[in-house]
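For ligands, and for the atoms within them, numbers begin at 1 and follow the listed sequence.
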Amino acid sequence: MTDRSGKFNIMKLVKIVSFGLLVVVLVCFVAATLRTLTFDVNSGLQLAHWEKTRNIASDINQHQRKELLANFREAIQIPTVSTSKTQLNITALGEFNSLLRKVFPTVFSSHLVQHEVVANYSHLFWVPGSDLALVPYMLLAHIDVVPADENDGWEAPPFSAKEMDGFIYGRGTIDNKQSVMGILQALEYLLIRGYSPQRGFFIGLGHDEEVGGLQGAMNIVKVLKKKGVQLAFVLDEGLAVLDGVISGLQGPAALIGISEKGQATVKLSVFKAPGHSSMPPRESSIGILAGAVKRLEDNPMPILFGEGPERRTFEHLAHRFGLPIKFLMSNMWLFSPLIGRVMERSPDTNAFLRTTTAVTMFNSGVKVNVLPSLAEAYVNLRIHPAQTVQEVLEFIQSTVGDERVKMELVNGFDPLPVSSYDETSFGFQTIKKTLLDQFPQVSVAPGLCIGNTDSRHYTDLAKDIYRFAPTWIKPGDTQRFHGINERISKKNYEELVVFYFNLIQNCDIKELPSPHAATAAVTSSLGLLVSAASFSNASSNSWTPEPNETVYFVNGYSQSRSRPSKPYILRKLMDDWMNFWRLAGVDTMMVNLKSYSVSVIIILVIVIIHWKSIMTNRYLRTCLFLSVKYIETCTT
Ligand SMILES: CCCCCCCCCCCCCCCCCC(=O)N[C@@H](Cc1ccccc1)C(=O)O
């Protein structure tokens, strides 16, 4: 009897547990589907009413096209290589200084620009604005490059700037002479065309970024601190436009770095008494150290995907993935471990998930028949924003787990603060607007910069630091950073010049439009429809607005106001009507609804079929109640 009732109880328990699990899975599925359906973090200022700042059109004629390319190629041909803190090619840096003066004569002679050489080879430019109330911003780039050896497999010599199939090959083409030359070329053209800024700005060009920026960037910061400068934002190198790099993503993505990983360099060393190689001990200093290094490689740091700003990247891009990835990306709360497992398979995506461990130097031994006394290895770690230098050191110590291996922190810094990227963020939104005007097909998202930049020295001067240049990175290009066959397309270099040209003008905006102004814009333009006093040409994608006119920014397309003309009234009516719904977020919901209607219908059918049993079962009733509550929260 007892036996039977015991069996019965176990069966009942198994039933309840499995039923409970089923309910949990069902609730998660319903919640995830609903979130996918409603999830879109991209509303921002897309419909906002932007103050007009771009009065000078950025068109480039045939002569300028040749000129800017020739300037860029000359810059690539100068081998401004930084090998270590004490090994900089100062001859090349001096030559680069002369090149800048030669190719940008207006920048160096304009009364609007003040210039200062810092630490012998770095450059600081200051272009004061006419409106002193506007807080200045700063553009950064670096002149130096990492070493390059032609014999490593370069298709063209690394300092030849050879042109092949529409690309310029050479060290520094994407890291980072494209920005150095792009920024100054843009300023040169702006000044030639009579531009004078309303908002002042600085340009800082470091000469030793590749070895830490301790001379260039740090001294520029000192100069600025002395002057009491505070910056609205800083824009430095870092992330890029990724085209076809993130698998499953529809269209290119511009990732603007809002933070960068921390870094630590750790020296591991093993000391043993030297001796004759004919009488070796069971374990040598090299063997012990090799074991420690192997353990570090076999035990990577934990996946922290979703715990840093990389989470925001995928949330912003979720709507641009097809099913089923969209479902996963919209529900990081549920799927981040799964996404992490997939992403860790490739080194460039793995870098976003965790603190990476790279053994970069290993030294030991002096002679073939002498047992080495000392074996040393250097480990370079790039620290995920959810960890600190201290935590990383503790992890290494416990993974090595051998007291004979001494550990020493050579240098290190924690991950950098996260800059703002919401709709009130001046720097982020101005960069975004400039980008979307130029590349309407691109999705813009905040990102984590996995390498380090000079901008990390600027944290006392600016709360908001962004790491981005519109360099287009296609599959296979990530290996070109510090690797072989570094290159940029001629078209892309021109685009960079245009980007900085437009960005500098866009920064003249006094303040960001309020997102609520969008409502006003829609309402007022609806009003305008009645009077037919004003309207925009929605189909026009290229524009040269009149001075002082108002520019609208709708989903990346700029629209200029012009005199009313009857054939467009209907289109304007339709636009305003669509904008109204877009503003309410209804259009994205409708699009999502279409793609998810099948799963929603299936769920509804299941609920209707099982309505009676659901209502008579306490657990199912609670489950349904919770789902309805969840929908309520989502929709409100
Ligand atoms: C979400 C999926 C993304 C897929 C891959 C995206 C890759 C995007 C390109 C990444 C390139 C990162 C380059 C950033 C610039 C780094 C510049 C640099 O090399 N800096 C040095 C600075 C340094 C710092 C401290 C000591 C010595 C040197 C660096 O080593 O980080």
Side-chain angles (χ1 to χ4, degrees), residues 82-85 87-88 140-147 171-172 174-179 206-218 236-249 252-257 259-265 305-306 308-318 320-321 325 329 339-340 342-353 356 358 360 378 380-383 410-413 415-416 443 445-457 466-483 486:
S82 293
T83 308
S84 69
K85 282 176 190 129
Q87 277 178 285
L88 308 179
L140 300 182
H142 65 89
I143 295 167
D144 63 327
V145 296
V146 290
R171 180 60 89 224
I174 53 172
D175 182 13
N176 172 246
K177 286 180 177 166
Q178 86 281 27
S179 295
H207 73 272
D208 62 344
E209 187 276 346
E210 294 293 1
V211 288
L214 306 184
Q215 286 301 312
M218 278 181 89
D236 195 3
E237 63 164 339
L239 293 177
V241 180
L242 305 179
D243 187 13
V245 176
I246 304 176
S247 56
L249 184 76
L255 301 192
I256 301 175
S259 176
E260 65 186 55
K261 287 179 109 178
Q263 191 180 155
T265 300
F305 184 58
E310 75 284 352
R311 182 190 187 112
R312 304 288 162 235
T313 307
F314 290 97
E315 286 179 348
H316 274 72
L317 297 179
R320 294 291 288 263
F321 283 96
I325 303 175
M329 295 297 182
I339 303 169
V342 176
M343 284 178 69
E344 75 172 336
R345 290 189 197 155
S346 157
D348 51 14
T349 42
N350 178 52
F352 289 83
L353 308 180
T356 51
T360 48
Y378 285 84
N380 187 246
L381 302 123
R382 301 299 172 121
I383 306 170
V410 180
N411 54 49
F413 50 88
L416 277 294
S443 312
L448 170 66
C449 188
I450 52 177
N452 292 116
T453 69
D454 266 350
S455 71
R456 74 182 189 283
H457 300 297
Y466 304 102
R467 296 107 178 140
F468 173 80
T471 313
W472 282 61
I473 303 297
K474 302 205 179 227
D477 285 347
T478 51
Q479 286 96 306
R480 296 180 200 272
F481 283 94
H482 294 196
E486 188 177 339

Evaluate Phe314 against Phe305 for ring-ring contact (aromatic ring centres under 6.0 Å, His included), listing each step before the verdict. CA-CA 11 Å; Phe314 290 97; Phe305 184 58; 5.6 Å; yes

Polar side chain donor-acceptor pair, Thr360 to Asn380, under 3.5 angstrom: no

Is any NZ, NE, NH1 or NH2 atom of the basic residue among Asp236 and Arg467 found under 4.0 Å from an Asp or Glu carboxylate oxygen of the other? no

Measure and list all N/O to N/O distances between ligand 1 and the protein that fall under 3.5 angstrom.
residue	atom	partner	partner atom	Å
ligand 1	19 (O)	Glu210	OE1	3.4
ligand 1	19 (O)	His482	NE2	3.1
ligand 1	20 (N)	Glu209	OE2	3.0
ligand 1	20 (N)	Asn452	O	2.7
ligand 1	30 (O)	Arg382	NH2	2.8
ligand 1	31 (O)	Arg382	NH1	2.8
ligand 1	31 (O)	Asn452	N	2.8

Is there a side-chain contact between Pro446 and His316, using heavy atoms and a 4.5 Å cut-off? yes

So, for Thr83 and Pro147, which heavy atoms are closest and what is the spacing to 0.1 Å? OG1-CG, 4.0 Å

Any Lys/Arg nitrogen of Asp477 or Lys474 sitting under 4.0 Å from an Asp/Glu carboxylate oxygen of the other? no

